[in-house]
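Here the structure comes first, spelled out in structure tokens, and everything after it is commentary.
Please read these numbers as outputs of a predicted model, since none were measured by experiment. All ligand and atom numbering here is 1-based and tracks the order in the structure. Sequence positions, counted from 1, serve as the residue numbers for this chain.
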Amino acid sequence: MFDRRKFIKATAISASLLVVDKKSIASVIQSSKVSAGTKPIVISTWDFGIPANQAAWKVLSSGGRALDAVEAGVRVPEADPNIQTVGYGGLPDRDGHVTLDACIMDEFGNCGSVAGIEHISHPISVARLVMEKTPHVMLVGDGALQFALENGFKRENLLTKKSEADWREWLKTAKYAPVMNIENKSYDKVAPTKLPGNQYNHDTIGMLALDAKGNLSGACTTSGMAYKLHGRVGDSPIIGAGLYLDNEIGGATSTGVGEEVIRNVGSFLVVELMRQGYTPEAACKEAVMRIIKKKPDIAKNIQVGFLALNKKGEYGAYAIQTGFSYAVCDEKKNDLLIAGKSYYN
Ligand code: SD4
């Protein structure tokens with residue numbers, strides 16, 4: 001296990017979001033911090049991005065393709081039963097089904113996705129197969145499972161004893177009340193009263209990589225919001241919402257309450273803002289601000305974070321609430337950073 005504190009090397013304190021409202025695009029761009037550009041580089045959401053980036057780096061550092069790097073990277077949390085928000089061991093929906101969402105996108109604009117897939121521990125690899133072996137972009141539910149089984153994936157029980165116990169505890173109240181930033185213990189201070197059944201229950205891995213040839217790819221995978229309605233699909237498998245990239249510009253991915261990301265086509269928006277000249281951080285901040293402006297009452301109590309990487313290898317992040325961690329790995333480092341101080345805290 002890595003020591004989280006050791007990796008928190010920098011805190012990008014951003015100008016108040018109110019500035020975004022009042023000033024011109026040019027001043028927003030100026031006010032945001034810009035990381036040094038480098039390649040190859042891989043970035044990913046939350047603390048589990050550190051071991052995920054390590055796996056991706058093995059591919060990138062030997063001259064491999066960004067697409068192979070992001071797939072290898074996100075397979076790490078997918079396989080880890082202790083991560084209850086991604087892949088095997090993910091918390092189930094309210095009926096006890098572990099249903100997974102994932103998508104992947106390459107430098108040519110190809111993409112593949114699965115939503116609500118059960119019994120398969122590596123949905124990202126199924127998504128890649130959808131992209132490479134079918135004329136489609138997205139397969140859902142039973143159809144996605146059938147496709148995976150027909151292509152040699154093993155059927156597994158993804159519900160671990162721990163996640164089942166948490167779900168049974170949750171059933172006692174059956175109150176859907178997602179709590180954000182599960183890894184950021186300082187957030188406990190402002191989190192709602194602890195609820196039964198592990199309500200610290202959402203954190204998706206989104207990963208973006210730029211390889212030595214200067215090509216971008218991205219991946220996003222999650223078990224979604226714990227105790228969601230059976231059949232609910234979040235932003236993570238939706239191209240443009242949970243993940244988007246344009247190899248000429250950059251890429252973006254999201255984490256948090258997916259409904260708000262879908263409503264704002266969040267990752268597409270971040271990439272289009274970078275096309276207009278926004279830095280990665282300023283683009284993430286503007287996308288967050290759109291959510292806050294539309295629904296301030298909802299936004300106050302939820303987390304949504306965006307992470308972005310541009311074609312030069314510059315990166316940035318921003319989230320509604322303080323406490324969004326992300327991992328950055330290049331030739332010199334594999335650091336955990338915290339996105340800038342937010343509008344609310
Ligand atoms: C969803 N965005 O299903 C995912 C959940 C999650 O960090 O991220 N969280 O809405």
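- Across Thr99, Thr204, Thr221, Val261, heavy-atom proximity to atom 5 (C) of ligand 1 is greatest for Thr204.
- The Ser236 neighbourhood of ligand 1 comprises atoms 2 (N), 4 (C), with distances under 4.0 Å to a heavy atom of that residue.
- Across Lys228, Glu259, Arg232, heavy-atom proximity to atom 10 (O) of ligand 1 is greatest for Arg232.
- Among residue pairs with one or both ends in residues 96-110, those qualifying as salt bridge (charged side-chain N to carboxylate O under 4.0 Å, His left out) are Arg65-Asp106, Arg65-Glu107; sequence neighbours excluded.
- Per-residue contacts place Gly224 under 4.0 angstrom from the following atoms of ligand 1 (heavy atoms of the residue considered): 3 (O).
- Close approach of ligand 1 to Met225 is summarised as follows: ligand atoms under 4.0 Å from at least one heavy atom of the residue are 3 (O), 5 (C), 10 (O).
- Short contacts between ligand 1 and Asp235, defined as distances under 4.0 Å to a heavy atom of the residue, involve ligand atoms 1 (C), 2 (N), 4 (C), 10 (O).
- With respect to Glu272 and Arg275, a salt bridge is recorded, a charged nitrogen being found less than 4.0 Å from a carboxylate O.
- For an aromatic pair to be called close, the ring centres must be under 6.0 Å apart, and Tyr244 with Phe268 satisfies this.
- Contact record, Gly242 with Cys220: O-SG, 3.9 Å, taken as the closest heavy-atom pair.
- Qualifying side chain to side chain contact (heavy atoms under 4.5 Å, CB included) partners for Lys295, counting only residues two or more places apart in sequence or in other chains: Glu260, Arg263, Ile298.
- Close approach to Thr255 involves these atoms of ligand 1, each under 4.0 Å from a residue heavy atom: 7 (O), 8 (O), 9 (N).
- Atom CG of Asp93 is separated from atom CG of Leu229 by 8.5 Å, given to the nearest 0.5 angstrom.
- Here's the thing with Gly234: none of its N/O atoms is less than 3.5 angstrom from an N/O atom of ligand 1.
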